[in-house]
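Below is one structure, written out as structure tokens, with a few remarks after it.
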Amino acid sequence: LGSLRFRFNDAASTRDAVAPITALLRERHQIANGQPNDFSIADSPAGQAMFNQITEMFTLLLPIVVGVIFLISLLIIAALMLIQVKERTAEIGLRKAVGAQQGDIEQQFLLETLLIALSGGVLGNALSYAVLGYIHNFFRNSGSDASFLPTPDLLLLSFGCAALTGVLAAWLPARRAAALSPVVALR
């Protein structure tokens, strides 16, 4: 045999197994005391240390990445809403001319943006769940018990963030739309 691999459930079992395996191999290879081994045994502390470093890196970088994505989504939704207000000026003027109040206009734009943001949240959660499910299965098949699947609390938090993004991004455009004069808007 060129090599053997053993997989253990935890690091303590790995450390405990090195000495008996070494003794057994020395006996089977008929190596006398004081002679060097004609084999090598490598356990996984280096691999575990590297995995811990990667985990720490994700712990530090993930909030930064999420924050940047949050800001980008705010800007994109706000820009879309500003464009929508500009394109729908005549509609806003007509609604105000037939009796719509400022709160009605604000509510319309806030609800539209909230629906867009929540739709994006649903799509984002579906895609992330699929990708994280693949990663979870990959690590489970390689013997890791780490879970990468989002918890229900995390899914609810992501929908809450999507709704907050929509409301924050739509607030200023909705107020601008509601403040338009019907006469100016209908021109």
Side-chain angles (χ1 to χ4, degrees), residues 1-81 113-171:
L1 296 173
S3 67
L4 290 173
R5 285 189 181 189
F6 297 95
R7 184 176 293 170
F8 297 93
N9 289 334
D10 56 22
S13 297
T14 303
R15 286 190 300 272
D16 293 344
V18 169
I21 291 172
T22 302
L24 179 64
L25 286 173
R26 287 184 65 83
E27 177 186 319
R28 297 284 170 95
H29 288 207
Q30 300 173 352
I31 299 172
N33 286 339
Q35 291 183 329
N37 293 337
D38 62 352
F39 58 88
S40 63
I41 295 179
D43 56 358
S44 64
Q48 185 65 36
M50 186 170 63
F51 183 75
N52 290 340
Q53 285 178 338
I54 291 170
T55 304
E56 287 175 19
M57 182 180 69
F58 275 120
T59 304
L60 293 173
L61 292 179
L62 195 58
I64 294 170
V65 170
V66 168
V68 168
I69 290 171
F70 186 72
L71 286 174
I72 290 171
S73 62
L74 270 172
L75 292 173
I76 289 171
I77 292 174
L80 288 172
M81 289 309 297
T113 307
L114 190 60
L115 286 173
I116 291 169
L118 287 176
S119 298
V122 168
L123 182 62
N125 277 328
L127 289 173
S128 67
Y129 201 83
V131 170
L132 291 174
Y134 176 78
I135 292 170
H136 176 77
N137 287 335
F138 175 78
F139 276 94
R140 189 169 26 142
N141 291 340
S142 65
S144 173
D145 60 349
S147 176
F148 292 91
L149 296 176
T151 62
D153 294 340
L154 190 58
L155 291 172
L156 286 175
L157 178 66
S158 68
F159 282 118
C161 285
L164 179 67
T165 303
V167 169
L168 289 176
W171 183 71

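What you see is a predicted model; the values in this text were computed from it and never measured.
- Atom-to-atom distance recorded for Leu132:CG and Asn137:CG is 11.0 Å, nearest 0.5 angstrom.
- In this structure, OG1 in Thr22 is found 5.0 Å from CZ in Phe39, a value given to the nearest 0.5 Å.
- Listed here is the closest heavy atom pair of Gly121 and Ala162: CA-CB, 4.1 Å.
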Inset, instruction - Evaluate the side chain to side chain contact (heavy atoms under 4.5 Å, CB included) criterion for residues Val65 and Val68: first the C-alpha distance (whole Å), next the side-chain angles of each, then the deciding distance (0.1 Å), finally the verdict. - result: CA-CA 5 Å; Val65 170; Val68 168; 5.9 Å; no

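- Taken to the nearest 0.5 Å, the CD atom of Gln35 stands 9.0 Å off from the CG atom of Asn33.
- Taking every heavy atom of both residues into account, Arg26 and Pro36 meet most closely at NH1-C, 4.2 Å.
- Between Asp38 and Ile31, some side-chain heavy-atom pair lies under the 4.5 Å cut-off.
- The distance from atom CG of Leu164 to atom CG of Leu114, rounded to the nearest 0.5 Å, is 10.5 Å.
- Separation of atoms OG1 (Thr151) and CG (Leu157) is listed at 9.0 Å; rounding is to 0.5 Å.
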Inset, instruction - Test Ile77 against Thr113 for side chain to side chain contact (heavy atoms under 4.5 Å, CB included), laying out the working first. - result: CA-CA 8 Å; Ile77 292 174; Thr113 307; 3.3 Å; yes

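- Atoms CG and OG1, on Leu75 and Thr165 in that order, are 10.5 Å from each other to the nearest 0.5 Å.
- Taking every heavy atom of both residues into account, Leu155 and Ser158 meet most closely at O-OG, 2.6 Å.
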